[in-house]
Amino acid sequence: MTVTQRRGRKIMMTPGELDEFLTTQRTCRVATVSASGAPHVSALWFAWDGTSLWLYSVVRSQRWKDLSRDPRVAVVVDSGEEYDQLRGVELRGTVEFVGEVPRTGELVAELDYVETVFARKNFGLDEMPHDGRHAWARLTPTKIASWDFRKLGSA
């Protein structure tokens, strides 16, 4: 995946900044499309592995229903309150479901790292608690756009 951005290059995050930002942020906004074509946006915790954004979603949610029907998605992760503090990343692509649905804790090697990172970041635990209501969707983005308005002061 290549990060290309025609507009806003001055405020675009470097690959290292992008990785650090996505590793430390906790909440994203997931945009899906319903069967009627209406947009649906919802907040969700996530994990970043350096290549893919991992979404841990309730499987009986509108979001999961939408993604099961149409796996195309746009996700925004952002932060900042004042204009000169705004930072963010938009990731677009298609999700793939990984592991059992719903997730009950079966051994899935591909989820070892992600679940450890997610459990530590969001629950302060070394092991992922499985409630039988959530499952994993992996977004390996085909397009990434980023911004860091803090760079405008140094321009």
Side-chain angles (χ1 to χ4, degrees), residues 1-9 11-35 37-80 86-123 125-148:
M1 183 243 345
T2 317
V3 178
T4 57
Q5 195 165 324
R6 291 192 314 229
R7 295 170 56 183
R9 288 184 210 188
I11 60 172
M12 184 172 105
M13 292 183 193
T14 66
E17 291 167 341
L18 183 77
D19 193 53
E20 185 274 333
F21 184 75
L22 291 174
T23 300
T24 58
Q25 294 299 306
R26 191 176 194 179
T27 305
C28 66
R29 288 151 191 81
V30 180
T32 60
V33 178
S34 69
H40 178 259
V41 179
S42 57
L44 189 65
W45 284 350
F46 69 93
W48 173 251
D49 69 5
T51 304
S52 297
L53 195 76
W54 293 81
L55 307 170
Y56 194 58
S57 175
V58 172
V59 299
R60 296 186 73 158
S61 65
Q62 181 65 49
R63 171 184 48 249
W64 193 268
K65 185 186 299 185
D66 290 349
L67 291 173
S68 296
R69 188 188 41 72
D70 182 347
R72 295 175 300 164
V73 67
V75 177
V76 170
V77 181
D78 61 343
S79 71
L86 298 176
R87 299 187 294 160
V89 180
E90 179 191 15
L91 307 100
R92 291 188 196 177
T94 303
V95 298
E96 297 174 274
F97 302 111
V98 180
E100 72 276 21
V101 177
R103 182 90 172 109
T104 57
E106 287 181 25
L107 292 178
V108 178
E110 194 173 6
L111 292 174
D112 286 346
Y113 174 79
V114 172
E115 289 190 337
T116 299
V117 166
F118 189 89
R120 287 179 180 157
K121 180 166 89 170
N122 296 305
F123 305 125
L125 302 172
D126 287 330
E127 289 187 27
M128 183 74 180
H130 297 100
D131 62 9
R133 298 177 338 134
H134 290 78
W136 288 104
R138 177 183 57 217
L139 168 61
T140 304
T142 54
K143 182 178 181 183
I144 295 178
S146 66
W147 57 94
D148 185 346

What's the shortest heavy-atom distance between [X] and [Y], and which atoms?
{"X": "A47", "Y": "V117", "answer": "CB-CG1, 4.4 Å"}
{"X": "V95", "Y": "A137", "answer": "CB-CB, 4.1 Å"}
{"X": "P141", "Y": "S52", "answer": "CD-CA, 4.5 Å"}
{"X": "G80", "Y": "L86", "answer": "O-CD2, 3.6 Å"}
{"X": "A31", "Y": "V41", "answer": "CB-CG2, 4.0 Å"}
{"X": "A135", "Y": "P102", "answer": "CB-CA, 4.3 Å"}

Main-chain N/O of [Y] paired with [X] side-chain donor or acceptor, under 3.5 Å:
{"X": "T27", "Y": "L44", "result": "no"}
{"X": "R26", "Y": "N122", "result": "yes"}
{"X": "R69", "Y": "V33", "result": "yes"}
{"X": "E100", "Y": "T104", "result": "yes"}
{"X": "T142", "Y": "R92", "result": "yes"}

Looking at [atom1] of [X] and [atom2] of [Y], how far apart are the two atoms once the value is rounded to the nearest 0.5 Å?
{"X": "S57", "Y": "H134", "atom1": "OG", "atom2": "NE2", "answer": "7.0 Å"}
{"X": "L107", "Y": "D112", "atom1": "CG", "atom2": "CG", "answer": "7.5 Å"}
{"X": "L111", "Y": "E106", "atom1": "CG", "atom2": "CD", "answer": "10.5 Å"}
{"X": "L91", "Y": "I144", "atom1": "CG", "atom2": "CD1", "answer": "5.0 Å"}
{"X": "F21", "Y": "S146", "atom1": "CZ", "atom2": "OG", "answer": "9.5 Å"}
{"X": "C28", "Y": "L55", "atom1": "SG", "atom2": "CG", "answer": "5.5 Å"}

Taking the side chain as C-beta and beyond, is there a heavy-atom pair between [X] and [Y] under 4.5 Å?
{"X": "W64", "Y": "V58", "answer": "no"}
{"X": "L22", "Y": "V89", "answer": "yes"}
{"X": "P71", "Y": "F97", "answer": "no"}
{"X": "T140", "Y": "T51", "answer": "yes"}
{"X": "V75", "Y": "L53", "answer": "yes"}
{"X": "D19", "Y": "T23", "answer": "yes"}
{"X": "V73", "Y": "L67", "answer": "yes"}
{"X": "F118", "Y": "M128", "answer": "yes"}

Residue list, side-chain hydrogen bond (donor to acceptor under 3.5 Å, both in side chains) with H40, at least two apart or on another chain: none
For E127, side-chain hydrogen bond (donor to acceptor under 3.5 Å, both in side chains) partners two or more places apart: none
For W136, the option from E96, E115, E110 that meets side-chain hydrogen bond (donor to acceptor under 3.5 Å, both in side chains): E115
Polar side chain donor-acceptor pair, W48 to Q25, under 3.5 angstrom: no
Check: R63/T32 side-chain N/O donor and acceptor closer than 3.5 Å: no
Derivation and outcome, side-chain contact (heavy atoms from CB on, under 4.5 Å), residues V59 and R133: CA-CA 6 Å; V59 299; R133 298 177 338 134; 5.8 Å; no
NZ/NE/NH1/NH2 to OD/OE distance under 4.0 Å, D78 and R29: yes
Presence of salt bridge, E90 and K143, under 4.0 angstrom: no
F46-Y56 aromatic ring centre distance below 6.0 Å: no
Proximity of Y113 and W54 rings by center, below 6.0 Å: no
More than 12 heavy atoms of other groups within 6.0 Å of R72 CZ: no
Residues, nucleotides or ligands: over 12 heavy atoms within 6.0 Å of K121 NZ: yes
